[in-house]
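In the text below, chain A, chain B and the rest are named by the order of the sequence lines, each starting its count at 1. Note that the structure is a prediction, hence the values are computed from the model and not measured. What's counted below: heavy atoms across the whole structure, side chains too, no hydrogens, waters or symmetry copies.
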Amino acid sequence: MNIRDQIKKDVRQTTDNLQLTTDELEVDLARTNDAKNGDFATNLAMKLAKQAKQNPTEIAKKLAGSLQKQGYIEKVEVAGPGFVNIFVKAEVWQKEVEKVLKETKDYGSNNLGKGKKARVEFVSANPTGPLHFGNARGGPLGDTLARVFEASGYKVLREYIHNDIGGQVQKLGETIANVAKGQKLEDQEYKGEYIKEIIEKIGDFKTPAEAGKLAVDMMLDETLKDCEAMGIKFDKVYPESGFVQSGDTERAIAELDKKGFIKEKDGARWFAPNDEFLKDRETVVVKTDGSYTYFSNDIAYHKIKFAEGDDLVVDIFGANHHGHVPRLQAVIKALGGDVSIFHVILYQWVRFKKGGEVIAMSKRSGNFVTAREVIEMVGSDAVRFFILMHDANSHIDFDLDLAREKSSKNPVFYVQYAHARISSIMAKEESRIAKGEIDYQLLATDYELNLIRKIARLPELVEDISQTFAVNALTTYATELADSFHKFYENCKVLDSQNEEMTRARLGLVGATRITLANTLNLLGISAPAKM
RNA sequence: GCGCCCGUAGCUUAAUGGAUAGAGCACUCCGCUUCGGACGGAGCGGUUGGGGGUUCGAGUCCCUCCGGGCGCACCA
């Protein structure tokens, strides 16, 4: 149990003892930004005050008085309108260093998902062209989320749907056939130099349909290569055509029909959920020509997702698909799935700037920035950090000139530099940690304790993200951790020939920092270099 | 017209409804006879797009207006 959980437990115990109900109230325990407010603070007294119609300060005082008796607590103060500020004894933090050194790679992980399964679908790019950088945003997001789930004990499936059938594939095939026959690119539905590249790569084909199929399968391979270049590997790729061929789509629609969710209209078949909330969500599943829409294949896919006993089903889509979300929720409900375990993360589009101007882009015009270009320009580490820095909900403006010219300004290097700096010391001196007991109570300056507090934050953060899915908190954390280290390093001399005990304690702390930094970078899918 | 997302310092942005809105870049100074200066320290820079409201407390929730992005297919 980490210290935060311990305090939460004790706070709840305290309110129970004081006969203040907390059943509906989460015990809110925040890390504080300011040392004078202690290590943790809770606003529980203010919330309880409202419920119990009492003075918040009085409640806070009772809470504080009771908490004070816990052995690990240094002091408890009541501040402001009723905050309870909790100061933890230094020895609690000092012990954390030993814990990190003992747990090494496992430091930061937890058991929230132990024995559970999660699946994350991401990227699933339109294969009619190269992977666009905007669409690549889903890659690091999904992969890091999967890593966080794994660190929380889940068994995770990374999955991808390959849209290898449908109208757009047909059109692409026609364009390829036309261009191969010598027609001009300008006259085609799909433009862009990559059409010529496709023709070179796929070789001979007999029909436009075959050309389309060859092309999208080739594009899939390319996209998966781009993902691999960012350290992303999928466990399973589902070709959309597979759902039709296996009969899964047909069976899924039949099941919906049997349950009364399919109706005929205008010669087509529609998914028509009959409950009030979903009244206007009617969508075509079978076209008048008898073929299935993408949506019906996605129904089959989600039926499979919910049939395999997962505890968490996550889809990561570009925000342009947001209209798709309520339909999927309706389908899952209609099929009897548990919507509460279904989460969709929508990420907003990335815009590109060049010379201060926003570049307009579309796949059909052939004018877009590919993931590959950007990865080659700035490297996988900088790309991942840049993407993961931002809340999925926020729009990103990506300045291509800046990325090209000043990629070393990317904060990822600040974090990696801290790791390299540490590695340099540890390379020579690491063995000294192992020589017998170390007195970590020697680590008593603010620089040292702040660094340890920050280190101890990782396990809390991983727990939080496995529930909020807000992976961007990891990059903020990585930067803060590096910052705490640099400040420590600037002010505390590690290797001191006059003081062997202190040297060993500080080496222990440096070692613990390296582990924590490396584990954080690993969650981000970013390398932790020993040299730069 | 209806719906979703965003608007925070010159730029890029952070902040489970909490305390003095936190960083990086840029700009101005300062710090290597000491473990990696890709670092540290100090400064400059904010009426969190405008206006109402809810709340003990709002960047965060509600309403409204403005600005930007994206959806509202027998496309995927």
Exercise for the section: Go through the steps to decide whether A:Leu507 and A:Met426 satisfy the test side-chain contact (heavy atoms from CB on, under 4.5 Å), and finish with yes or no. Expected result: CA-CA 8 Å; A:Leu507 277 173; A:Met426 296 305 279; 4.0 Å; yes

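- Nucleotides B:rG17 and B:rU54, compared at atom C1', are 12 Å apart to the nearest Å.
- Rounded to a whole angstrom, the distance from the P atom of B:rU13 to that of B:rU8 is 8 Å.
- Within the 4.0 Å cut-off from OP1 or OP2 of B:rG18, not a single side-chain nitrogen or oxygen of A:Lys47 is found.
- The base of B:rA19 sits within donor-acceptor range of the side chain of A:Asn85, with an N or O pair under 3.5 Å.
- In this model, a side-chain donor or acceptor of A:Asn43 finds a partner on the base of B:rG18 within 3.5 Å.
- With A:His395 contributing its side chain and A:Gln348 its backbone, the two residues share no donor-acceptor pair below 3.5 Å.
- The backbone N or O of A:Ser291 lies less than 3.5 Å from a partner atom in the side chain of A:Asp289, making a donor-acceptor pair.
- One donor-acceptor pair, N or O on each side, does fall under 3.5 Å between the base of B:rG68 and the side chain of A:His395.
- Aromatic ring pairs are classed by plane angle as parallel below 30°, tilted from 30° to 60° and perpendicular above 60°; the pair A:His324 and A:Tyr294 is tilted.
- Using a 4.0 Å cut-off, no side-chain N or O of A:Lys265 falls inside it from OP1 or OP2 of B:rC74.
- The phosphate of B:rA15 has OP1 or OP2 within less than 4.0 Å of a side-chain N or O from A:Asn472.
- At the phosphate of B:rA23, neither OP1 nor OP2 sits under 4.0 Å from any side-chain N or O atom of A:Tyr477.
- Atom CZ of A:Phe295 and atom C1' of B:rA73 are 13 Å apart (whole Å).
- Within the 4.0 angstrom heavy-atom criterion, no nucleotide atom of any strand lies near A:Ala473.
- Nucleotides B:rU60 and B:rA76 place their P atoms 41 Å apart, quoted to the nearest Å.
- Taking 3.5 Å as the limit, the base of B:rC74 and the side chain of A:Thr288 contain a donor-acceptor pair of atoms between them.
- Side-chain atoms of A:Lys428 and A:Leu495, non-hydrogen and from C-beta on, never get closer than 4.5 Å to each other.
- Distances shown here put a side-chain N or O of A:Arg421 below 4.0 Å from the OP1 or OP2 atom of B:rG37.
- With hydrogens and angles ignored, a donor-acceptor pair under 3.5 angstrom links the side chain of A:His322 to the base of B:rG3.
- A donor and an acceptor atom never sit less than 3.5 Å apart when one is taken from the side chain of A:Asp397 and the other from the base of B:rU12.
- B:rU47 and B:rA21: their P atoms are spaced 12 Å apart (whole Å).
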